[in-house]
Amino acid sequence: MSQLKNRSLVSITDYSKDEILKVLEIAADFERDPRQPILQSHVVASLFFEPSTRTRLSFESAVQYLGGSIVGFASSDSSSVQKGESLKDTILTVSNYSDLIVMRNPLDGSARYASEVSPVPVINAGDGANQHPTQCLLDLYSIQKTQGTLDNIHIAMVGDLKYGRTVHSLVQAMSLFNATFHLVSPESLKLPSAVKRWIKEAGLEYYQYTDLNEVIPLADIIYMTRIQRERFPDPLEYEAVKNAYILENSMLSNSKDNMKVLHPLPRVNEISTDVDDNPKAYYFQQAQNGVYVRQALIAAILGLKQ
Amino acid sequence: MKNKVTELQVSAISNGTVIDHISSENTFRVFQILNLERSKDQVYVGTNLDSKKLGKKGIIKISGRFFKPDEISKIALAAPQATLIEIRDYEITKKEKVVLPDSVEKVVKCYNPKCITNHQDIPTKFNIIKDHHGRTKLACHYCEKTMAQEDIIFV
């Protein structure tokens with residue numbers, strides 16, 4: 001595990017397959033026993049330059065379950081950014097007060113930059129539309145946990161495959177595990193060709209669909225995504241596709257027994273609430289897995305778990 | 001008669017650099033990125049000249065000037081097929097095709113308006129890669145977006 005010690009995590013591609021599996025193994029240990037006070041006397045800085053519910057709270061509860069302390073802010077309104085401070089100055093200052101920095105920032109590339117100027121490791125909790133590697137790790141953990149393995153999974157990805165950063169990272173990561181990809185999207189939101197090329201370069205197959213019903217019987221995992229209004233340059237384009245896919249409970253009758261529905265959340269209307277009570281709905285447990293995965297990352301990067 | 005025309009196309013310089021084999025449409029782009037409009041040296045520019053290799057080509061001759069590696073990177077990005085000829089005392093002392101470097105720093109602006117480099121005082125950094133069609137692309141070290149050569153804006 002020493003190879004993760006003191007290393008920043010900016011993009012899921014910063015980790016090898018073995019390193020990903022190691023984080024998931026430590027996460028399973030935290031799921032069995034989440035309250036391990038190994039972070040006492042450690043301080044984690046939580047710098048959220050834009051609002052976030054799940055990511056910020058799960059990081060903060062991960063630190064607290066481990067007995068560590070948190071300093072930081074939940075929006076740039078309450079930081080020196082308001083006074084015009086540069087990101088470099090903020091990072092250099094905060095690194096004096098903490099052992100590790102967790103950062104979300106609305107600008108693409110801010111996490112790579114922060115990791116290069118910071119003397120302490122940085123975990124990227126989302127840099128604009130670019131990367132969100134801890135979401136990817138918790139998605140992988142959820143797939144591994146529900147399927148018993150990450151290998152040879154048929155994964156259906158549904159919705160905004162063009163702008164959805166979680167989809168792109170998950171495609172990259174699942175390409176390490178011999179997945180088959182079933183890609184469901186409107187024509188205008190298809191997976192970018194550069195991302196499809198990773199699949200091909202890994203020697204794997206993908207299939208594209210516009211009808212969600214076609215993939216339901218094939219999938220081990222259905223990964224639903226929200227069509228995000230804020231990512232569309234043109235509001236008319238958003239209006240045309242916003243209700244393209246709505247998963248309803250009745251549609252799951254011919255799904256495989258092992259199939260689980262995942263969603264990075266927040267959901268709007270793409271999964272009908274009548275799915276929530278179906279045992280195949282896994283998105284709330286998925287969000288809970290975020291705590292274990294973030295505990296594992298923090299512990300590994302600080303060298304407290306091998 | 002034919003010899004005379006050739007002479008008029010390119011008058012010789014005693015010391016300096018000739019940038020030859022610029023594709024015609026990029027001639028003024030190269031002129032611009034090297035800031036030649038502000039040059040105090042003698043500069044000759046020719047475009048739409050006949051070329052066996054390119055059909056039509058551009059050529060720029062700059063008296064008294066020799067380019068540094070970061071300037072050569074800029075030329076290579078704007079005119080990948082260009083040849084640089086250094087002349088000292090009317091003799092050609094060096095003649096080579098420009099070569100694209102593996103990466104460029106502080107040369108190109110990121111085209112992604114949300115890239116951190118467009119909001120804070122951070123030197124840009126790009127890796128130069130080829131896509132699966134063999135086209136040159138620039139990948140931003142920070143925001144990871146890739147841009148095509150024709151989208152390049154020089155710093």
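Because only heavy atoms are used, hydrogens play no part in the values below, and waters and symmetry mates are left out as well, while side chains stay in. A note on names: the letters A, B, ... follow the listed sequences, proteins ahead of strands, and every chain is numbered from 1. Since we're looking at a predicted model, the values are computed, not measured.
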- [ ] Work out which heavy atom in B/Cys143 is nearest to a heavy atom in A/Asn130; give both atom names and the distance.
- [x] O-OD1, 3.1 Å
Task: B/Gln120/A/Lys88 under side-chain contact (heavy atoms from CB on, under 4.5 Å): CA gap, chis, key distance, verdict - done: CA-CA 9 Å; B/Gln120 306 226 342; A/Lys88 181 180 179 182; 5.7 Å; no
Task: Minimum side-chain heavy-atom gap B/Ile122-A/Tyr113 below 4.5 Å - done: yes
Task: Note, A/Asp108 side chain near B/Ile116 side chain (heavy atom, < 4.5 Å) - done: no
Open item on the list: Please determine whether the number of non-hydrogen atoms from other residues, nucleotides or ligands lying under 6.0 Å from atom CD of B/Gln42 exceeds 12.
Closed with: no
Task: Contacting moiety of A/Gln131, where chain B heavy atoms sit under 4.5 Å - done: side chain
Open item on the list: Checking A/His168 against B/Glu144: is there a side-chain donor and acceptor pair closer than 3.5 Å?
Closed with: no
Open item on the list: Looking at B/Lys94, I want to see if its NZ is surrounded by more than 12 non-hydrogen atoms of other residues, nucleotides or ligands under 6.0 Å.
Closed with: no
Open item on the list: How about CG on B/Asp121, more than 12 heavy atoms from neighbouring residues, nucleotides or ligands closer than 6.0 Å, or not?
Closed with: no
Open item on the list: Looking only at the side chains, is there a donor atom on one of B/His141 and A/Arg112 sitting less than 3.5 Å from an acceptor on the other?
Closed with: no
Open item on the list: If we define contacts as heavy-atom pairs under 4.5 Å, which of B/Cys115, B/Cys110, B/Pro113 has the most with chain A?
Closed with: B/Cys115
Task: Side chain / backbone / both / neither for A/Ser11 at chain B, heavy atoms under 4.5 Å - done: side chain
- [ ] Using a cut-off of 6.0 Å, state whether more than 12 heavy atoms not belonging to A/Arg229 lie near its atom CZ.
- [x] no
Task: Enclosure of B/Glu37 CD (heavy-atom neighbours >12, cutoff 6.0 Å) - done: yes
Open item on the list: Between B/Lys114 and A/Gly128 (side chain of the first, backbone of the second, donor and acceptor by atom type, cut-off under 3.5 Å), is there such a pair?
Closed with: no
Open item on the list: Please determine whether the number of non-hydrogen atoms from other residues, nucleotides or ligands lying under 6.0 Å from atom NZ of A/Lys200 exceeds 12.
Closed with: yes
Task: Atom CG of B/Asp102 with >12 non-hydrogen neighbours under 6.0 angstrom - done: no
